[in-house]
> 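First, the structure itself, so that you have it in front of you.
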Amino acid sequence: MKWKDYCRGVRRGVPVGVGYFSVSFGFGAMAVANGIKWLDATLISASNVTSAGQFAGLTLILASAGLWEIILTQLVINSRYALMSLALSQKMGTRIGVLPRLPIAFMNTDEIFALAMAEKQPLTVPFLLGLGLTPFLGWTSGTLCGALAGSVLPESIRLALGVMLYGMFIAIVVPPARQEKPVLVTAALALVLSCLFTWVPVLNTVSAGISIVICTVAAAAVCAWLFPIPDEEVAQ
Amino acid sequence: MSIYTYIIAMAATTYLIRVLPLTVFRKPIKSRFIRSFLHYVPYACLTAMTFPAILYSGESILSGLGALIIAVILAFRGKSLLTVSLASCAAVYIIERIISLL
């Protein structure tokens, strides 16, 4: 029963694992193109398992930012995971103890969360652990392969691979922005603020991490105030 | 500062955000504002990180701009994550080649 549940979770997670491989390939290539060692790039992916957070972290490491700045940036960018963990916790119920929750929390990414919440049967520990297996392997090995490939490929291709993560971010934001006006407004606000922090004198002296934090908090807060989400999205 | 100090700080912060609500603070968030805020955070931070930084991802601003336009068009048409990312890489590569020929 336990083993069957585990296998069912693994099977459910495979498509996510494959997707993660390709995305983190871009992260690995980008990291080595910026002078990070391949082993360190892989270590970042294996210990963080988050796309946007890692990307911002990489930018800050390259800028030799302060430790507090990196912690604050991670707190803001990854704050949504708190909401996901809360929702997952509700769905897991009280039968599951604290110990198995520790590894499950580590793998609570956007996609795994979505799969877990879509599950009709009661969630079990083997299922949840199985769910995270291939995504974790895909994310880590993708970074490793991207970093190794990035070390041997010619400069022109490395440069091109560096844009991969931006392409992915665009693919995440554009479809919901097209369908939901609040998301479009959020993105537009963040875009304008980010331009101000890049090009306007004085504002452009604000460090990378702090400007990401300000853009994110300001845009999300204004839209949360203008367009509060309906109550049926609580489960999300 | 050593890169490992950074990696540990990043990993620990991210893990605490994920693990505390699953183990210690298990009450649902009642505030509609905070729930809405957290709902919009990913879109705000991904957009702020992408633009205008994407413009400076190639040797020339033109290649970054090309990648941006291609990616937005494909994403608007609902193409997959992988298609959009690879097409934006191809755009940078091709535009940089053309510029180097001129």
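Order of the sequence lines fixes the chain letters, A, B, ..., with proteins taken first and strands second; residue numbering starts at 1 for each chain.
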> Under 4.5 Å heavy-atom distance to chain A, tell me which part of L55(B) shows up: side chain, backbone, both or neither.
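Interface part for L55(B): side chain.
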> Side chain, backbone, both or neither: which part of V217(A) has a heavy atom under 4.5 Å from chain B?
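Both parts, heavy atoms under 4.5 Å.
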> Test T109(A) against every option in Y20(A), Y81(A), W139(A) by the side-chain hydrogen bond (donor to acceptor under 3.5 Å, both in side chains) rule and name the one that passes.
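Result: among Y20(A), Y81(A), W139(A), Y20(A) is the only option passing the side-chain hydrogen bond (donor to acceptor under 3.5 Å, both in side chains) with T109(A).
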> For V222(A), does its backbone N or O pair with a side-chain atom of Y40(B) as donor and acceptor, under 3.5 Å?
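A pair under 3.5 Å: no.
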> Name the member of G78(B), A53(B), S63(B) that forms the most heavy-atom pairs with chain A at distances under 4.5 Å.
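Answer, by heavy-atom pair count under 4.5 Å with chain A: A53(B).
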> Tell me, side chain or backbone of F227(A) under 4.5 Å from chain B's heavy atoms, or both, or neither?
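Looking at F227(A), backbone and side chain both touch chain B.
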> Taking side chain as everything from C-beta outward and backbone as N, CA, C, O, which of these in A48(B) sits under 4.5 Å from a heavy atom of chain A? Side chain, backbone, both or neither.
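The answer is both parts of A48(B).
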> Which residue out of T198(A), T59(A), L102(A) racks up the most heavy-atom pairs below 4.5 Å with chain B?
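Most heavy-atom pairs within the cutoff with chain B belong to L102(A).
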> Pick one of side chain, backbone, both or neither for I157(A), based on which atoms fall under 4.5 Å of a heavy atom in chain B.
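Interface part for I157(A): both.
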> Can you say whether T5(B) sits under 4.5 Å from chain A via the side chain, the backbone, both, or neither, judging by heavy atoms?
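Answer is both: backbone and side chain atoms of T5(B) are under 4.5 Å from chain A.
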> Please flag which part of Y43(B) lies under 4.5 Å from any non-hydrogen atom of chain A: side chain, backbone, both or neither.
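Contact with chain A is through both the backbone and side chain of Y43(B).
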> I'd like to verify something: which residue of S64(A), S79(A), S22(A) has the highest number of heavy-atom pairs under 4.5 Å with chain B?
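Answer, by heavy-atom pair count under 4.5 Å with chain B: S79(A).
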> Do you know which of A44(B), A11(B), C89(B) has the most heavy-atom pairs under 4.5 Å to chain A?
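Ranked by heavy-atom pairs under 4.5 Å with chain A, first place is C89(B).
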> Heavy-atom distance under 4.5 Å to chain B: side chain of P176(A), backbone, both or neither?
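Side chain only.
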> If only side-chain N and O atoms count, and only distance matters, is there a donor-acceptor pair under 3.5 Å linking Q54(A) with S45(A)?
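Judged by distance alone, the side chains do pair up.
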> In terms of heavy-atom proximity below 4.5 Å to chain B, should V49(A) be classed as side chain, backbone, both, or neither?
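For V49(A), the contact with chain B is made by backbone and side chain together.
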> Under 4.5 Å heavy-atom distance to chain B, tell me which part of Q74(A) shows up: side chain, backbone, both or neither.
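For Q74(A), the contact with chain B is made by backbone and side chain together.
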> Below 4.5 Å from any heavy atom of chain A, which atoms of M1(B) appear? Answer side chain, backbone, both or neither.
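For M1(B), side-chain heavy atoms alone lie under 4.5 Å from chain A.
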> Looking at F55(A) versus Y166(A), is the centre-to-centre ring distance below 6.0 Å?
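Ring-ring flag for F55(A)/Y166(A): true, centres closer than 6.0 Å.
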> Once salt bridge (Lys or Arg N to Asp or Glu O under 4.0 Å) is applied, do any residues pair with D110(A), and if so which ones, sequence neighbours excluded?
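Counting only residues at least two positions away or on another chain, D110(A) forms a salt bridge (Lys or Arg N to Asp or Glu O under 4.0 Å) with R80(A).
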> Please flag which part of L82(B) lies under 4.5 Å from any non-hydrogen atom of chain A: side chain, backbone, both or neither.
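Interface part for L82(B): side chain.
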> Measuring heavy-atom distances to chain B, does M30(A) have an atom under 4.5 Å in its side chain, in its backbone, in both, or in neither?
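Nothing of M30(A), per the 4.5 Å heavy-atom cut-off to chain B.
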> State, yes or no, whether a side-chain contact exists between S36(B) and P228(A) at a heavy-atom distance under 4.5 Å.
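With C-beta onward as the side chain, the pair touches.
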> Would you mind checking which part of L159(A) comes under 4.5 Å of any heavy atom in chain B, side chain (CB onward), backbone (N, CA, C, O), both or neither?
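For L159(A), the contact with chain B is made by backbone and side chain together.
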